[in-house]
Amino acid sequence: AMCDVRAPFDGRVVERRAEPFQNVAAGQVLLEVQDDSQLEVDMIVPSGWVAWLKIGNAFTLTVDETGKTYPGRILRLGVRIDPASQSLRITGELSKTSADLLPGMSGEAQFGKP
């Protein structure tokens with residue numbers, strides 16, 4: 001009754017690492033909280049797309065688990081090409097969030113090539 005634990009942001013509890021009434025050491029992690037207010041999307045694209053991909057380009061993401069499509073835009077481009085797969089890692093953000101989206105979901109992104 002004398003202990004109140006608050007995260008510095010809204011989110012979802014991913015993992016509870018301590019139980020009620022358990023003694024814990026100072027600094028021990030009690031909860032893992034995921035900030036789900038703005039989900040990022042990690043994508044791997046063909047290296048040939050470097051010629052036209054730009055930060056801010058729009059894409060749509062169809063999520064396998066929900067079957068729904070969400071709009072997004074590119075936030076960051078990778079800084080190196082993987083020579084074995086000839087691919088580039090990029091990061092995007094979804095324009096709108098939805099309660100049915102969870103970290104770790106997978107899907108397919110579609111880009112409008114200029």
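The CG atom of D100 sits 10.5 Å away from the CD atom of E65 when rounded to the nearest 0.5 Å. Separating the OG atom in S87 from the CD1 atom in I44 is a distance of 5.5 Å, to the nearest 0.5 Å. In this structure, the separation between CG on L53 and CD1 on I90 is 5.0 Å, given to the nearest 0.5 Å. How far CG of L39 is from CG of L94: 6.5 Å, rounded to the nearest 0.5 Å. Taken to the nearest 0.5 Å, the CG atom of D42 stands 12.5 Å off from the OG atom of S106.
Within a 6.0 Å sphere centred on CD of E15, other residues, nucleotides and ligands contribute more than 12 heavy atoms.
Evaluation of the ring-ring contact (aromatic ring centres under 6.0 Å, His included) rule for F111 yields W49, F59 as partners, not counting sequence neighbours. Listed by chain and residue number, nothing satisfies the salt bridge (Lys or Arg N to Asp or Glu O under 4.0 Å) test with D64 (two or more places apart in sequence, or in another chain). With sequence neighbours excluded, the residues satisfying side chain to side chain contact (heavy atoms under 4.5 Å, CB included) with T69 are T60, T62. Listed by chain and residue number, nothing satisfies the salt bridge (Lys or Arg N to Asp or Glu O under 4.0 Å) test with E108 (two or more places apart in sequence, or in another chain).
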Item to check | From CA spacing to verdict: side chain to side chain contact (heavy atoms under 4.5 Å, CB included), V33, V14 | outcome: CA-CA 6 Å; V33 180; V14 176; over 6 Å; no
Checklist entry - Is there a side chain to side chain contact (heavy atoms under 4.5 Å, CB included) between L77 and R89 once you walk through the steps? => result CA-CA 7 Å; L77 299 175; R89 182 176 290 271; over 6 Å; no
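No side-chain heavy atom of L75 sits less than 4.5 Å from a side-chain heavy atom of I55. At a threshold of 4.5 Å between non-hydrogen side-chain atoms, the residues I74 and T91 do not count as touching.
Residues W52 and I81 share a single hydrophobic cluster, defined by chaining ILVMFWY side chains whose heavy atoms lie under 4.5 Å apart.
Here side-chain hydrogen bond (donor to acceptor under 3.5 Å, both in side chains) pairs that include residues 71-81, with residues two or more places apart or in two chains, are E40-R76, R73-E93.
Taking all atoms of both residues into account, the shortest heavy-atom contact from M43 to A109 is SD-CB, 3.6 Å.
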Would you give me the side-chain donor-acceptor pairs under 3.5 Å for residues 18-31, sequence neighbours excluded?
from, atom 1, to, atom 2, distance (Å)
E19, OE1, R16, NH2, 3.0
Q22, OE1, E19, N, 2.8
Q28, OE1, A25, N, 3.3

